[in-house]
Amino acid sequence: MSKQLAKLIVSRGYSLEGLLKRMDEAASGILLSVDDTGALERTITDGDLRRLLLAGVPLNATDLPLIEKKPVVAYSDTPYSSLRTLMKQEGISHIPIVDSMGVPEKLVSISDLTDQILLSTPHMGKDELGFVNQAFETNWIAPLGPNVDAFEQELAEKVGIGHAAAVSSGTAAIHLSLILLGVSAGDKVFCSSLTFVASANPICYQGAEPVFIDSEPESWNMSPKALEQALEDSRKQNTLPKAVIVVNLYGQSADMDAIIEICDRYSVPVIEDAAESLGSTYKGKSSGTLARIGIYSFNGNKIITTSGGGMLISDDDELVERARFLATQARESASWYQHEVVGYNYRMSNILAGVGRGQLRVLDQRVDQRRSVFEMYENSSLGDYVEWMPEASWGRSNRWLTAGLFKTESGVDPQAVIKRLAEHGIEARRVWKPLHLQPLFKSTSFFSHLSSGSVSEDLFNRGICLPSGSSLSAGQVDRVIGYLSEELKSL
Ligand SMILES: *Cc1c(COP(=O)(O)O)cnc(C)c1O
């Protein structure tokens, strides 16, 4: 029995005062009264206790004149859609799920059934507003300021890197990384194919040409084998890339040692797109810190957020200093406005950095929460239909999004499932469509992990991302599992 449920269980013989206290502690508006065998006898609601008080029943009375009513219950195999109908019919807001002996297993509330459940939502801690208020009180309503400096330092310390520059988005951080590595028109840049388009768009900003690299099945991330093939091919044609952008998908690190070892052999620098993997590790090190330059994103859907923002990190202080310079319009040091190169307006605001400082303090919690959401899915019966994204032996994923593949033999179409879940107020998404399949990149080259077809295309065809936010309640995850199981059985 869960702790949450245990809080609701009472037996006969409680005084009115005792029940009121339990009701207050449980804070869910309902108690479950059980007999000697643990079977549910009746539910006691806030309203039941209020009526007793109004009728003048003394607080210490134990033989309570509760109106006899048989509880409305359901069973673990009652479909979620029927639970909702039942609650509407009976005009009740909670329904106990009991086993065959009548012992309560859990309590489903109407809000568990009706609230919109989104894929990944912002989840604030308790310190964010304080830092934002500080910015207001000192009138640091500007890009840059003390929160920005502190956020950079605190993040660098947290992940164990020398230097960090806070910028307006993860995309801006990738763009600056490419400029820092000298990428310009006509150059080639390798990039993971299975990723969000923001990983590759900055390559186009520089007029450079992306070349996409397939995933490996172990981690869904860049295949070292396909990468090596692509580098060897490019060397022969004398078109080695200026940089390789490696993405850590859905919070899981790519096999950075293998990738960096290969790139070192060809003297090509690596940018680690860790937009989704802040808080994860690779062989004990923080994800994002393994390459020459790493980037994080604090967009609203990421594991922690500043509503919009990003960070460029490196152990090379000159690179990071140069990033700050380029991000503030490339203003040279002179007593007038002096400019020698093109600059950008990419710095983070002092207000948003305040949000970031608060969020950084709850990062470890957010990782644990996302991982426990994943575990709920993993421990459910969905495993009959779904293979979960594996966690590679080299690291610990933050499980930013719970992603899985419908087993080939199940023949399930993710699109149909997503549509059905949406009808129940549940947001699910496809796995990223590989960039080499996007019309935007139709004339670019692609190197597969396989001799025919590709791993990333298969992941796209069978993949689904389920609601994974750190603020999801167990009841909400149960509801996703419940509806999804029903739909899968009916398909
Ligand atoms: C979110 C994301 C980005 C872009 O970050 P923004 O802060 O939204 O610009 C880049 N790469 C990946 C893999 C992402 O998931």
Side-chain angles (χ1 to χ4, degrees), residues 119 170-171 174-175 178 187-231 233-234 239 241 243-252 254-255 259 271 273 275-277 297 299 301 386-390 400-408 410-419 427-466:
L119 193 73
T171 311
I174 297 172
H175 188 198
L178 294 174
D187 288 336
K188 286 197 198 300
V189 175
F190 290 3
C191 182
S192 307
S193 185
L194 189 66
T195 182
F196 181 44
V197 70
S199 303
N201 271 338
I203 302 171
C204 305
Y205 304 166
Q206 287 308 98
E209 190 189 319
V211 171
F212 293 112
I213 312 293
D214 201 9
S215 302
E216 52 164 5
E218 290 82 352
S219 67
W220 298 18
N221 283 313
M222 186 180 281
S223 153
K225 183 174 120 190
L227 171 67
E228 181 151 28
Q229 176 100 63
L231 283 168
D233 239 55
S234 311
T239 55
V244 174
I245 301 174
V246 181
V247 179
N248 300 320
L249 206 68
Y250 301 135
Q252 166 147 274
D255 190 0
I259 288 168
I271 299 167
D273 178 350
E276 302 173 5
S277 65
S297 165
N299 190 32
N301 60 353
V386 183
E387 299 162 37
W388 302 109
M389 179 178 184
W400 171 57
L401 292 187
T402 287
L405 301 178
F406 290 114
K407 293 182 178 173
T408 313
S410 76
V412 172
D413 169 17
Q415 202 56 43
V417 173
I418 289 168
K419 191 160 165 280
E427 181 186 37
R429 292 269 178 92
R430 299 286 295 271
V431 161
W432 303 122
K433 178 172 175 176
L435 297 183
H436 75 278
L437 300 176
Q438 299 286 356
L440 171 64
F441 296 118
K442 65 178 180 298
S443 53
T444 57
S445 348
F446 169 70
F447 288 83
S448 177
H449 179 78
L450 308 172
S451 45
S452 75
S454 72
V455 172
S456 53
E457 191 167 353
D458 178 49
L459 297 174
F460 169 61
N461 286 334
R462 296 194 286 130
I464 190 167
C465 298
L466 296 174

Heavy-atom distance under 4.5 Å between the side chains of P241 and V189, does that happen here? no
Does W432 use its side chain to pair, donor to acceptor, with the backbone of S456 at less than 3.5 Å? no
Check whether any side-chain heavy atom of L227 lies under 4.5 Å from a side-chain heavy atom of I259, and answer yes or no. yes
Should we count CZ of R430 as having more than 12 external heavy atoms under 6.0 Å? yes
Kindly say whether K433 contributes a backbone atom to a donor-acceptor pair with the side chain of Q438 at under 3.5 angstrom? yes
Verify the ring-centre separation between F212 and H436: is it less than 6.0 angstrom? no
Is any side-chain heavy atom of T444 closer than 4.5 Å to one of V211? no
Less than 4.5 Å apart, any side-chain heavy atom of V244 and any of I213? no
I'd like to check I245 versus F190 (side-chain heavy atoms, cut-off strictly below 4.5 Å). Are they in contact? no
Is the shortest heavy-atom distance from the side chain of N201 to the side chain of I174 under 4.5 Å? no
Looking at Q229, I'd like to know if its CD atom is crowded, meaning that more than 12 non-hydrogen atoms belonging to other residues, nucleotides or ligands lie closer than 6.0 Å. no
Can you check whether L435's main-chain N or O pairs, donor with acceptor, with S193's side chain at less than 3.5 Å? yes
If you define the side chain from C-beta out and look only at heavy atoms, does anything of V455 sit under 4.5 Å from E216? no
Under 3.5 Å: donor-acceptor pair, side chain of E387, backbone of K407: no
Could you tell me whether the side chain of F446 reaches within less than 4.5 Å of the side chain of L437, counting heavy atoms only? no
All side-chain hydrogen bond (donor to acceptor under 3.5 Å, both in side chains) counterparts of S448, not counting sequence neighbours: D214
With sequence neighbours left out, the residues meeting side-chain hydrogen bond (donor to acceptor under 3.5 Å, both in side chains) with S223 are H449
Qualifying residues under side-chain contact (heavy atoms from CB on, under 4.5 Å), relative to A198, sequence neighbours excluded: T171, F196
Main chain of P390, side chain of Q252: is a donor-acceptor contact present, judged purely on distance under 3.5 Å? yes
